[in-house]
A.B. asks: 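Got a structure for you, questions after.
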Amino acid sequence: MRGRRISLTLRGAVLLALTSAVSTIAIAQEKAAKDAAAPAPKRDISGVWLYQGSGGQEGTAPDKDMPPMTPWAQARFDTERPGYGSRAVPNGNDPILQCDPAGFPRIMFFPTPFEFVQSPEKIIQFFEREHAWRPIWTDGRSLPKDPDPTWSGYAIGHWEGDYTLVVESAGFNDKTWLGATGYPHSEDMRVTERYQRVDRNTILYNIRVDDPKAYTKPIIGPERMMKLRPGVEIGELPCVWSEENSFTKRIREPAVGKPNR
Amino acid sequence: MKPKLTTSAVLIVTLLATCSSMLAHHGNVAYDEQHPITIAGNVTEFVWSNPHCQIYLDVKNDKGDVVAWSVESQSPGILHRNGWTRDSIKPGDHITVTLVPAKSGAPVGFAGEKTGKVVFDDGHVLRMDLR
């Protein structure tokens, strides 16, 4: 009799635990669905974002959309031996193969996520690729008149309406390529980006590069779509010489027929 | 159960016509991205490292010779988001890998987001999607 009572109590406890677990899952699912359906927060772009489709693997703009180069840029272009695109060759001279920073805007075009973190005076963009970051100043300051060149440049941002962040940047060095398919730029490059949050989970991303020293017209990138990735934590993907060297010896060189050293 | 070393390389050539042009555009020039193949063998080493994780495995070819294959995949960050850990593949595991092989003919391949996958003998699958 006593045993039966315990058994009944146990059964009751199990039933209660199951009911509770089921309702916890139901609540979590309901919250996720509600979050997804909720309108995007105003003037807030924080979160982890990743391109939809192949947008992150393209160059700044496809070859066909690159405007004519100036002689200055053409001379540099002719020395490039990229690993991707119509000019691809093995054992090329892409600067990132020697762990040079990808720099901006190329850092935007990798198939890895980035995160926006907002503070009252700036938005910080953290990239998984290279574990790199850049501040986008939103406190109303202007771009510096004659900035010293850097890999990431100097960026300011402002909101157009409640859902479009416009970022302008300048002050780049000229050591980086615009993308994996090459294409040079000069220190005069200025970049304008528009992050248009069309719904809670979606950004339409547009980029324009103005660099009259290198190109006879602005470079207009194709519109790309980014998706919010709730729950994703960006990892680290730094370029580390020891890892790159090991990878080159064990994979890159054997792949093109060089003996495995 | 001791994994079978006798499993021969499975050369299933799959033309993925729908993806091929995109692959060719994005891909690493060293690999024949139009012609994915599937190989099976015993893992000798798994390297969990940037820039790309690496799987080394012994594969018996159709002549019965054991060939040491080197396979690159994605970065640890991308594989982590696909559910991998550094212990997902261990030396001694018998696995089947779909990859695009080196154009040079060397036993080197890339198992990436479009065609790549690792299948274990118990049926569980590891993928490399960009996520």
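Protein chains get the first letters and strands the later ones, always in sequence-line order, with residue 1 at the start of each.
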A.B. asks: Would you mind checking which part of A:L237 comes under 4.5 Å of any heavy atom in chain B, side chain (CB onward), backbone (N, CA, C, O), both or neither?
C.D. replies: both

A.B. asks: List the steps and the verdict of side chain to side chain contact (heavy atoms under 4.5 Å, CB included) for B:I78 and A:T112.
C.D. replies: CA-CA 7 Å; B:I78 290 171; A:T112 41; 4.0 Å; yes

A.B. asks: So which atom in B:A102 and which in A:A255 form the shortest heavy-atom distance, rounded to 0.1 Å?
C.D. replies: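 Nearest heavy atoms, B:A102 then A:A255: CB-O, 3.3 Å.
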
A.B. asks: If you count heavy-atom pairs under 4.5 Å between each of B:K103, B:E45, B:H80, B:Q74 and chain A, which one has the most?
C.D. replies: B:E45

A.B. asks: Please examine the side chains of B:L130 and A:F110, heavy atoms only from C-beta on, and report whether any two atoms are closer than 4.5 Å.
C.D. replies: no

A.B. asks: Using heavy-atom distances under 4.5 Å, tell me whether A:V232 contacts chain B through its side chain, its backbone, both, or neither.
C.D. replies: side chain

A.B. asks: When rounded to the nearest 0.5 angstrom, what is the spacing between OG in B:S49 and CZ in A:R250?
C.D. replies: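 One gets 10.0 Å once the value is rounded to the nearest 0.5 Å.
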
A.B. asks: Can you tell which part of B:E72 gets under 4.5 Å to a heavy atom of chain A, answering side chain, backbone, both or neither?
C.D. replies: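 Backbone plus side chain of B:E72, per the 4.5 Å heavy-atom cut-off to chain A.
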
A.B. asks: Could you look at B:F110 and say if it's the side chain, the backbone, both or neither that has a heavy atom under 4.5 Å from chain A?
C.D. replies: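 Contact with chain A: none, neither part.
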
A.B. asks: Whether the side chain of B:S70 engages the backbone of A:I251 through a donor-acceptor N/O pair (distance < 3.5 Å, no angle test) should be reported.
C.D. replies: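 No, because the side chain of B:S70 does not come within donor-acceptor range (under 3.5 Å) of the backbone of A:I251.
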
A.B. asks: Going from CD on B:Q54 to CZ on A:F247, what distance comes out if it is rounded to the nearest 0.5 angstrom?
C.D. replies: 6.0 Å

A.B. asks: Below 4.5 Å from any heavy atom of chain A, which atoms of B:V47 appear? Answer side chain, backbone, both or neither.
C.D. replies: side chain

A.B. asks: Output the option from B:P51, B:P76, B:A30 having the highest count of non-hydrogen pairs under 4.5 Å with chain A.
C.D. replies: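 Result: the option with the highest number of such pairs is B:P51.
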
A.B. asks: Within this structure, what is the OG-CD distance for the pair B:S75 and A:E128, rounded to the nearest 0.5 Å?
C.D. replies: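 Between B:S75 OG and A:E128 CD, I get 5.5 Å after rounding to 0.5 Å.
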
A.B. asks: Pick whichever of B:G77, B:P101, B:S104 has the most heavy-atom pairs under 4.5 Å with chain A.
C.D. replies: B:S104

A.B. asks: Would you mind checking which part of A:P238 comes under 4.5 Å of any heavy atom in chain B, side chain (CB onward), backbone (N, CA, C, O), both or neither?
C.D. replies: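 Both parts, backbone and side chain.
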
A.B. asks: Minimum heavy-atom separation for B:A106 and A:P254, please, with both atom names.
C.D. replies: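 Smallest interatomic distance, heavy atoms only, reads CB-O, 3.2 Å.
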
A.B. asks: Taking A:E236's backbone N and O only, do any of them form a donor-acceptor pair with B:N50's side chain (distance below 3.5 Å, no angle check)?
C.D. replies: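 Yes.
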
A.B. asks: Against chain B, work out which of A:S246, A:A180, A:P113, A:G235 has the most heavy-atom pairs shorter than 4.5 Å and name it.
C.D. replies: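 Looking at each of A:S246, A:A180, A:P113, A:G235 in turn, A:P113 comes out on top.
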
A.B. asks: Under a 4.0 Å threshold between the charged nitrogen and the carboxylate oxygen, would B:R81 count as salt-bridged to A:E233?
C.D. replies: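 Answer for the salt bridge query: no.
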
